[in-house]
Amino acid sequence: MRIASWNINSVRARIGHVERFVKEFAPDILCLQETKVADDGFPTRAFADLGYSAHVVAGQKSYNGVAIFSRVPIEVTGGRDWCGRYDARHISVIIPGDIELHNFYVPAGGDIPDRAENEKFGHKLDFLTEMSEWFATARRAGDRMIMLGDLNVAPHESDVWSHKALLKVVSHTPIEVEHLEAVQQAARWCDAARHFRPVPEKLYSWWSYRSPDWEGSDKGRRLDHIWVTEPLVGAMTGFDIPKEPRRWEKPSDHTPVILDLDPDRAA
DNA sequence: ATGGTTGTGGTACAA
């Protein structure tokens, strides 16, 4: 079973890329972030044509938005409001193998890494804290769960092109890394990327639009993640972050992350 | 050190 997560930065602007990605990489379950469209404007027809018989979307006009499409049976379990506001940043489903899958779009956090000066940064930290508390209290680490999405934090030194240059840049500040680590400890999540590709290998899923030569300069960050709980660690059969979609014309600034999983091998 | 680009929706804001 192949599961992919992709921040596509507008599903309507990127529908052709989604079709190409599905044809070339064939995910059974496709999780999207930053769809940027209200639910009644979502191009669900295109996804049905790609063979996805089930879906759940949670969107709003212009900003945010998450979606899950599946060619295997899913049961929609949620979509929670975080930090007391509906902003379409989370949905969850049960997938085959009795696995609960959570798709998140964590707030980016603005430009200034200080909650006193920048409300968006405070919101990001509070969002991560609420995730920690929720997974520690409302969920059990021993259950089969997957969490994936654009978590907007690059935790390790090898998750960014320059640790030193990014220490004060939102996405890699020590306080954000601490908050993300607290989320990870809340359900003893295993980071699929680093299970297969351990540090210190450099691994990125995002490159800024602002670089005139994103691939040559390679100033990337690993903002997109797939985590699994302990019963699923032995069920993982492969992981990849293919760079091809970032090379396509008019791309998203994120490239997909892909996990292959054999639910029959789950503990 | 600074500014660089993109999508949405409407000429500003979020990323």
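Protein chains get the first letters and strands the later ones, always in sequence-line order, with residue 1 at the start of each. It should be emphasised that the depicted structure is a prediction, and the values quoted were computed from it without experimental measurement.
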Q.
Please give the distance between the C1' atoms of B:dA15 and B:dG3 as a whole number of Å.
A. 16 Å

Q. Heavy-atom contacts under 4.0 Å between residues 204-227 of chain A and DNA chain B, which residues?
A. A:Tyr209, A:Arg210

Q: If a pair satisfies side chain to side chain donor-acceptor pair (under 3.5 Å) and one of its residues is in residues 186-196 of chain A, list it, with sequence neighbours excluded.
A: A:Ser158-A:Arg194, A:Asp159-A:Arg194, A:Asp191-A:Arg222

**Q.** Gap in Å between the two C1' atoms, one belonging to B:dC13 and one to B:dG9, rounded
**A.** 10 Å

Q. How about A:Trp6 and A:Phe21: are their ring centroids closer than 6.0 Å?
A. yes

Q: For B:dT8 and B:dG4, measure between their P atoms and round to the nearest Å.
A: 22 Å

Q) A:Asp39: what forms a side-chain contact (heavy atoms from CB on, under 4.5 Å) with it, not counting sequence neighbours? A) A:Val57

Q: Tell me, please, which residues at least two apart from A:His123 pass ring pair (Phe, Tyr, Trp, His ring centres under 6.0 Å).
A: none

Q | Most 5' of A:Ala13 and A:Tyr63 on DNA chain B, judged by nearest nucleotide | A | A:Ala13

Q | Pairwise side chain to side chain donor-acceptor pair (under 3.5 Å) hits with a residue in residues 87-104 of chain A, at least two apart | A | A:Gln33-A:Asn103, A:Asn64-A:Arg89, A:Thr77-A:Ser92, A:Trp82-A:His90, A:Asp87-A:Arg89, A:His90-A:His102, A:Glu100-A:His102, A:Glu100-A:Arg139

(Q) Heavy-atom nearest nucleotide on DNA chain B for A:Pro251 versus A:Ala108: which residue maps closer to 5'? (A) A:Pro251

Q) What residues, two or more places apart in sequence or in another chain, satisfy ring pair (Phe, Tyr, Trp, His ring centres under 6.0 Å) together with A:Trp248? A) A:His17

Q.
Would you measure the distance from the C1' atom in B:dT6 across to the matching atom in B:dT11 and give it in whole Å?
A. 16 Å

Q. Going 5' to 3' along DNA chain B, which nucleotides are the first and last within contact of chain A (any atom under 4.0 Å from a heavy atom)?
A. B:dG4 to B:dA15

Pairs of donor and acceptor atoms involving the side chains of residues 162-171 of chain A, under 3.5 Å and at least two apart or interchain, shall be tabulated with distances.
| residue | atom | partner | partner atom | Å |
| --- | --- | --- | --- | --- |
| A:Ser162 | OG | A:Ala165 | N | 3.0 |
| A:His163 | ND1 | A:His172 | NE2 | 2.8 |
| A:Ser171 | OG | A:Arg221 | NH1 | 3.2 |

Q | Results of salt bridge (Lys or Arg N to Asp or Glu O under 4.0 Å) for A:Asp126 - residues two or more places apart only | A | A:Arg115

